[in-house]
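Remember, predicted model here, so these are calculated numbers, not experimental data. Chain letters run A, B, ... following the sequence lines, proteins first, then strands; residues in each count from 1.
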Amino acid sequence: MIKPNIPKGMRDFSPVEMGKRNYIFNIIRNSFQKFGFLPLETPAMESLSTLTGKYGDEGDRLIFKVLNSGDFLEKTTLRTDPTKEITVQNVLTQISEKALRYDLTVPFARYVVMHRHEINFPFKRYQIQPVWRADRPQKGRYREFYQCDADIIGSNSLWNEFELIQLLDDVFTRLGLKVVIKINNRKILSGIAEYIGASGSVTDITVAIDKLDKIGKEKVIEELQQKGIMPEAIDKIKPLLDFKPITAIGNETSTYLNELIGNTKIGQKGIDELKVLFEQTTKIPLQTARFEFDLTLARGLNYYTGAIFEVKLNEEKIKFSGSLSGGGRYDDLTGIFGLPNLSGVGISFGADRIYDVLEELQLFPDDRLNHIKVMIANFGSDTTGFCLKLLYTLRQHGIAAIFYPDEVKIKKQFEYAHALKIPFVVIIGEEELKLEKISVKTMSNGHQETVSVNHLLQLLKGTLI
RNA sequence: GUAGGUAUAGCUCAGUUGGUUAGAGCAUCAGAUUGUGAUUCUGAGGGUCGUGGGUUCGAGCCCCAUUACUUACCCCA
């Protein structure tokens, strides 16, 4: 006998959990559609070459590679070709040519390039699918998890950024979660890098700055030194490390930012973009989300070039450090696939993390989680005919109904209905057959009455109180 | 990749300086109640104490190894 198990970081979802997960997905999907995004799905596997090099060295390591089919060892040249050194990289390229998707953005870029002639730009698409990462699982981190992405590609307009901010606000408002939407602009960070004479190290600088709230100012400076940033350059960055998130950009902030970026064109553009978004959010305020500019927000993914977003939980009751959502503008994601100058901006919701947070805050609504409305109890073959007819009628009226299939003790049948949280149980025994009526019990309060079929339909449709 | 923690019934966990037959709650099943769940009462089943070795008269407990799980770091949703 094999002891049943599932691989590390993988999870089953029980019916109860699926009810909760669907609640989240439905809200997100509904918002996506409301904002005019169109659905798209891509396969679980992509060519390995599509994925590698897009997520940095760290990301490449976390891609799940799929072994080639057949006798892949026979086909390798490693044993016959003595000039080829046996390294992980060399072996890998010969035995694996496809991999599980690591996120939804890169497959989307690949799709856009492949279908560029049939797509109407600007293209707004949403995609809700699992992604896989060979990460060490821990709290809030899984090896298989769902991303819910919305991207607009083929438009440079800042209105897209603003729409995504509204979309974030819409989703988290409807989920009942208090969040803060943090925003920054990679152009400002690039401007700073250029000004301090370290343009080549933008990624190193952003990655280091991104760790600020975790490891503190001193350690960030240490890391910058290790990355080979000149001491005088680090001195110029130091004021940035004392930056505290703000909710509006006044004159004081502008002056401060201008000093940090010097006179760099790109830095100035970043500041301008930021100002437009803040102006918009004062004209059309967000429903519940707090909107913050955080100069120290960097985000690791290195394809971002403009605005970057991150959503964090803003609840006093619980601590949850991971981000619930994130995204940004990427100017040239499709360039690597041979389609340059196509700008896009997108966001991604982490459904699994949202689940964990809603669970901890007990914010899942009780209703809607079980969709079965009524169970017809089984009283034996004499009544089965009538029961099945009623079952058919109920379903014709769009009511989710089940018939207890086995002729067992009534007690057991009620226990079953109770365990499944089915709100109504219908009883049809000899007495009911004689009267041509049915008895219906409301499980929440124990009330039971004998009624006509029409009355039952009205009750189950909620038109009776 | 680095560093900790945990492993005892289906689940959550007790288990005294190492001492005789390893416990509780929940869950399951049966009954009190032959047409009624959630409450109450009674009873029952369920364990090679993760695995392998060592110390000891004696190990769930101490030591070593190993595996699995888990948390933090790195990175990220």
Side-chain angles (χ1 to χ4, degrees), chain A residues 3-11 14 24 28 55-63 88 101-105 128-149 168 203 206-208 210-211 214-215 219 223 298-302 309-313 320-328 346-357 375-380 382-383 404 407-433 438-450:
Chain A
K3 200 181 174 190
N5 71 90
I6 48 176
K8 187 201 287 279
M10 303 289 160
R11 297 164 294 165
S14 67
I24 296 171
I28 293 174
Y55 312 105
D57 293 343
E58 194 67 35
D60 281 356
R61 280 213 336 246
L62 301 180
I63 294 172
V88 172
R101 70 168 103 78
Y102 180 86
D103 71 354
L104 300 178
T105 308
I128 300 176
Q129 287 189 276
V131 302
W132 293 269
R133 296 185 186 179
D135 212 352
R136 277 278 166 86
Q138 50 187 269
K139 192 171 187 171
R141 305 180 66 171
Y142 309 98
R143 288 188 149 188
E144 179 185 46
F145 60 96
Y146 271 73
Q147 285 192 334
C148 311
D149 274 29
L168 287 168
T203 310
T206 52
V207 167
D210 195 39
K211 296 174 189 167
K214 265 186 193 164
I215 63 177
K219 295 263 178 183
E223 183 162 336
R299 292 186 61 75
L301 290 172
N302 53 20
F309 316 105
E310 193 157 284
V311 177
K312 298 236 170 185
L313 189 67
F320 192 89
S321 57
S323 60
L324 299 177
S325 179
I347 49 164
S348 176
F349 291 88
D352 301 84
R353 286 187 172 177
I354 291 172
Y355 181 101
D356 291 345
V357 167
M375 184 187 93
I376 302 173
N378 188 332
F379 268 81
D382 292 347
T383 60
Y404 197 94
E407 193 184 332
V408 296
K409 279 183 194 164
I410 272 309
K411 177 184 168 70
K412 201 171 165 62
Q413 299 189 32
F414 269 89
E415 279 171 354
Y416 182 78
H418 175 77
L420 262 64
K421 296 191 170 64
I422 298 170
F424 297 99
V425 174
V426 160
I427 299 138
I428 300 159
E430 279 176 38
E431 290 172 36
E432 283 85 358
L433 265 190
I438 51 200
S439 295
V440 55
K441 178 165 180 174
T442 308
M443 295 296 273
S444 58
N445 57 18
H447 178 70
Q448 184 168 324
E449 57 184 333
T450 305

Distance between [atom1] atoms of [N] and [M] (Å, rounded):
| N | M | atom1 | result |
| --- | --- | --- | --- |
| rU21(B) | rA68(B) | P | 34 Å |
| rA9(B) | rU28(B) | C1' | 12 Å |
| rC29(B) | rU39(B) | P | 13 Å |
| rU33(B) | rU42(B) | C1' | 13 Å |
| rU6(B) | rG50(B) | C1' | 11 Å |
| rA14(B) | rU71(B) | C1' | 23 Å |
| rC75(B) | rC69(B) | P | 25 Å |
| rC73(B) | rG10(B) | P | 34 Å |

By a 5.5 angstrom centroid cut-off and a 30 degree plane limit, is there stacking between Phe349(A) and rA77(B)? no
[N] [atom2] sits how many Å from [X] [atom1], rounded?
| X | N | atom1 | atom2 | value |
| --- | --- | --- | --- | --- |
| Asn445(A) | rA38(B) | CG | C1' | 12 Å |
| Lys8(A) | rU67(B) | NZ | P | 11 Å |
| Glu430(A) | rU36(B) | CD | P | 15 Å |
| Glu407(A) | rG35(B) | CD | P | 11 Å |
| Ile63(A) | rC76(B) | CD1 | P | 13 Å |
| Arg61(A) | rU2(B) | CZ | P | 11 Å |
| Trp132(A) | rA77(B) | CH2 | P | 17 Å |
| Asp60(A) | rG1(B) | CG | C1' | 16 Å |

Give one of base, sugar-phosphate or nothing for [X], where a contact means two heavy atoms less than 4.0 Å apart.
| X | answer |
| --- | --- |
| Glu432(A) | base |
| Tyr142(A) | base |
| Gly446(A) | base |
| Gln413(A) | nothing |

Determine the stems involving RNA chain B; a stem requires 3 or more consecutive pairs of the Watson-Crick or G-U wobble kind, each with both distances below 3.5 Å, and the answer is none if no such run exists.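 Paired runs of 3+ in RNA chain B: B:1-7 with B:67-73, B:10-13 with B:23-26, B:28-32 with B:40-44, B:50-54 with B:62-66.
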With nearest nucleotides of RNA chain B determined for Asp135(A) and Lys441(A) from heavy-atom distances, which residue corresponds to the more 5′ nucleotide? Lys441(A)
Closer than 3.5 angstrom, by distance alone: can the side chain of [X] be matched with the main-chain N or O of [Y] as a donor-acceptor pair?
| X | Y | answer |
| --- | --- | --- |
| Thr442(A) | Phe424(A) | no |
| Glu407(A) | Asn378(A) | no |
| Arg143(A) | Trp132(A) | no |
| Arg11(A) | Glu144(A) | yes |
| Asp135(A) | Tyr142(A) | no |

Can you tell me how far NZ of Lys411(A) sits from CZ of Phe414(A), rounded to the nearest 0.5 angstrom? 11.5 Å
Spatial distance of atom CG (Leu168(A)) from atom OG (Ser325(A)) [nearest 0.5 Å]: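 The distance works out to 4.5 Å.
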Among rC69(B), rA77(B), rC74(B), the nucleotide that comes nearest once only the side chain of Gln138(A) is considered: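 Of all the options, the side chain of Gln138(A) is nearest to rC74(B).
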Can you identify which nucleotide, out of rA77(B), rC69(B), rG35(B), has its nearest atom closest to the Ile410(A) side chain? rG35(B)
If every non-hydrogen atom of Ile438(A) is compared with every non-hydrogen atom of Glu432(A), which pair is closest and at what distance?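 Looks like CA-CG, 3.9 Å.
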Run the side-chain contact (heavy atoms from CB on, under 4.5 Å) test on His418(A) and Met443(A) for me, step by step, so that the C-alpha distance in whole Å, both residues' side-chain angles and the decisive distance to 0.1 Å come before the verdict. CA-CA 7 Å; His418(A) 175 77; Met443(A) 295 296 273; 4.1 Å; yes
Check: rG37(B) base within 3.5 Å donor-acceptor of Gln448(A) side chain: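 No, the side chain and the base share no sub-3.5 Å donor-acceptor pair.
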Assess whether one donor atom and one acceptor atom, taken from the side chain of Arg141(A) and the base of rA77(B), lie less than 3.5 Å apart.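 It does not, because no donor-acceptor pair links the side chain of Arg141(A) to the base of rA77(B) below 3.5 Å.
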List the steps and the verdict of side-chain contact (heavy atoms from CB on, under 4.5 Å) for Thr105(A) and Tyr55(A). CA-CA 11 Å; Thr105(A) 308; Tyr55(A) 312 105; over 6 Å; no
Does OP1 or OP2 of rA77(B) have a side-chain N or O of Gln147(A) closer than 4.0 Å?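 Answer no for this pair, as no side-chain N or O of Gln147(A) is under 4.0 Å from OP1 or OP2.
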Does OP1 or OP2 of rG1(B) have a side-chain N or O of Arg136(A) closer than 4.0 Å?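 Answer is yes, contact under 4.0 Å.
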Contact between Asp60(A) and Tyr102(A) at the side-chain level, heavy atoms closer than 4.5 Å - yes or no?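 In short, these two side chains do not touch, never coming nearer than 4.5 Å.
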Might you confirm whether atom CD of Gln138(A) has over 12 heavy atoms from other residues, nucleotides or ligands at distances under 6.0 Å? yes
Every protein N/O lying under 3.5 Å from an N/O of nucleotides 30-32 of chain B:
from	atom 1	to	atom 2	distance (Å)
rG31(B)	OP1	Lys409(A)	NZ	3.2
rG31(B)	OP2	Lys409(A)	NZ	3.1

